[in-house]
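We use all heavy atoms of the structure for the numbers below, so side chains are in, but hydrogens, waters and symmetry mates are not.
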Amino acid sequence: MREIRYEVADGVATLTIDRPEKRGAMTYAMLDEFSAGVSRAGADPDVAVLLVTGVPGSFCAGIDLADLASRSPADRGSRHGDDPGDPLLMACPKPVVAAVDGMAVGMGAEFATQADLRVISTRARFRWNFVHRGLVSDTGAGTWLLPRQIGMTHAMRLLYTGADLGADEALALGFATAVVEPEAVPLAALDLAEAIAAASPFALVRTKKLMLDGAGAPLRAHVHATRTALAECFASADHAEGVAAFLERRPARFTGR
């Protein structure tokens, strides 16, 4: 059985980390496959949403330290993905949903942070424990995106102490989109992904880019980028279909063009 599985159905690509005996800890070979899956979803016109998950009771316990120890210090920080300046999941142009049932530690917490939305179980735990390994947040998501998601003070506490963020607090801070019982996670996450996939892929890609780019852009630059994206949308087949579907009182059949 493959430790990284990729499948597509109804506009949703599901990328599964399947290594429960190691709680989803990633070897470098797995990380290469994971990165390839993210790139594949981002480039596939039949995919509107990427769903990242583990198997029941497991998500990702970070990098496999035994595999890490076998590499030279210069090689340990090697980047994955097409653009070495982009965190992996944030670089995916499509919306990303994470389904977390279990521990998300180190890189696993970073993956969850990079996702756009998170559906988690009551037993989910997030731990940015990099400082206890003599490291900083390894993808940059913990130090750049997490403060924007939950606030600077809460992010500093979690990154400075390496303390766990439990399900209830994750929901209270807005980090989790929903908290459900473990057995309900797959369906709840898929329902959310499919609800997103029902929208225009053309508009979704531009919406995600505007939000992420806008986090560091001046207002005028952001308004200009919005006008450019809006003009592209007005000229798109998806916009014409959205209007036609509304007038004809039927579900839209978007193509992403």
Side-chain angles (χ1 to χ4, degrees), residues 1-9 12-42 47 49-72 75-81 87-92 96-130 132-133 135 137-139 141-142 162 164-167 170 176 180-190 193:
M1 182 178 292
R2 298 181 66 88
E3 294 172 324
I4 301 295
R5 291 186 280 109
Y6 181 92
E7 50 197 336
V8 178
V12 178
T14 302
L15 192 57
T16 304
I17 304 168
D18 189 355
R19 198 189 185 198
E21 73 280 5
K22 293 289 187 177
R23 298 191 302 170
M26 301 279 280
T27 63
Y28 278 80
M30 289 171 63
L31 190 55
D32 283 339
E33 287 192 53
F34 188 86
S35 176
V38 175
S39 297
R40 182 177 174 184
V47 170
V49 181
L50 173 61
L51 174 60
V52 177
T53 187
V55 293
S58 170
F59 183 67
C60 176
I63 196 73
D64 186 312
L65 292 182
D67 193 37
L68 182 70
S70 70
R71 292 177 171 258
S72 69
D75 189 38
R76 291 177 187 180
S78 60
R79 304 298 298 172
H80 296 260
L88 187 59
L89 295 175
M90 286 174 64
C92 180
V96 179
V97 175
V100 181
D101 177 27
M103 293 298 299
V105 180
M107 181 179 289
E110 293 282 283
F111 286 162
T113 306
Q114 288 183 32
D116 301 313
L117 299 168
R118 289 152 289 278
V119 175
I120 72 174
S121 78
T122 53
R123 61 186 175 186
R125 297 290 184 275
F126 304 89
R127 186 185 302 157
W128 293 263
N129 62 339
F130 297 99
H132 293 295
R133 303 292 178 263
L135 300 171
S137 167
D138 61 359
T139 72
D164 283 3
L165 176 65
V180 298
E181 292 301 319
E183 62 274 12
V185 168
L187 183 57
L190 184 59

Completion exercise
Here the gap from Met107 atom CE to Phe130 atom CZ, rounded to the nearest 0.5 Å, amounts to 7.5 Å
Practice task
Taking salt bridge (charged side-chain N to carboxylate O under 4.0 Å, His left out) as the test, write out the residues that go with Arg123, two or more places apart.
Solution key: Asp101
Handout entry: Donor-acceptor under 3.5 Å (Glu110 side chain, Ala141 main chain)
Key = yes
Exercise for the section: Mind checking the OG1-CG spacing from Thr27 to Asp32? Nearest 0.5 Å is all I need. Expected result: 8.5 Å
Practice task
Spell out, as yes or no, whether a donor-acceptor pair under 3.5 Å connects the side chain of Gln114 to the backbone of Leu88.
Solution key: yes
Exercise for the section: For a ring-ring contact (aromatic ring centres under 6.0 Å, His included) with Phe111, tell me which candidate from Phe59, Phe34, Trp128 qualifies. Expected result: Phe34
Exercise for the section: Could I get the full list of side chain to side chain contact (heavy atoms under 4.5 Å, CB included) partners for Pro20, not counting sequence neighbours? Expected result: Asp18, Val55
Exercise for the section: Answer whether the closest heavy-atom distance between the side chains of Val38 and Val52 falls below 4.5 Å. Expected result: no
Fill in the blank from the handout: Here the gap from Arg2 atom CZ to Met30 atom CE, rounded to the nearest 0.5 Å, amounts to 11.0 Å
Practice task
Kindly check if the number of other-residue, nucleotide or ligand heavy atoms within 6.0 Å of CZ (Arg125) is above 12?
Solution key: yes
Problem - Side-chain donor or acceptor of Arg19 paired with backbone N/O of Ala25 under 3.5 Å - result: yes
Practice task
Answer yes or no: is there a donor N or O on one side and an acceptor on the other, between the side chain of Ser35 and the main chain of Leu31, under 3.5 Å?
Solution key: no
Practice task
Kindly compute the distance separating OG1 (Thr53) from CG (Leu15), expressed to the nearest 0.5 Å.
Solution key: 9.5 Å
Fill in the blank from the handout: Rounding to 0.5 Å, atoms OG (Ser58) and CD (Glu21) come to a distance of 8.5 Å
Completion exercise
Output for pair (Tyr28 OH, Asp64 CG), nearest 0.5 Å, gives 10.0 Å
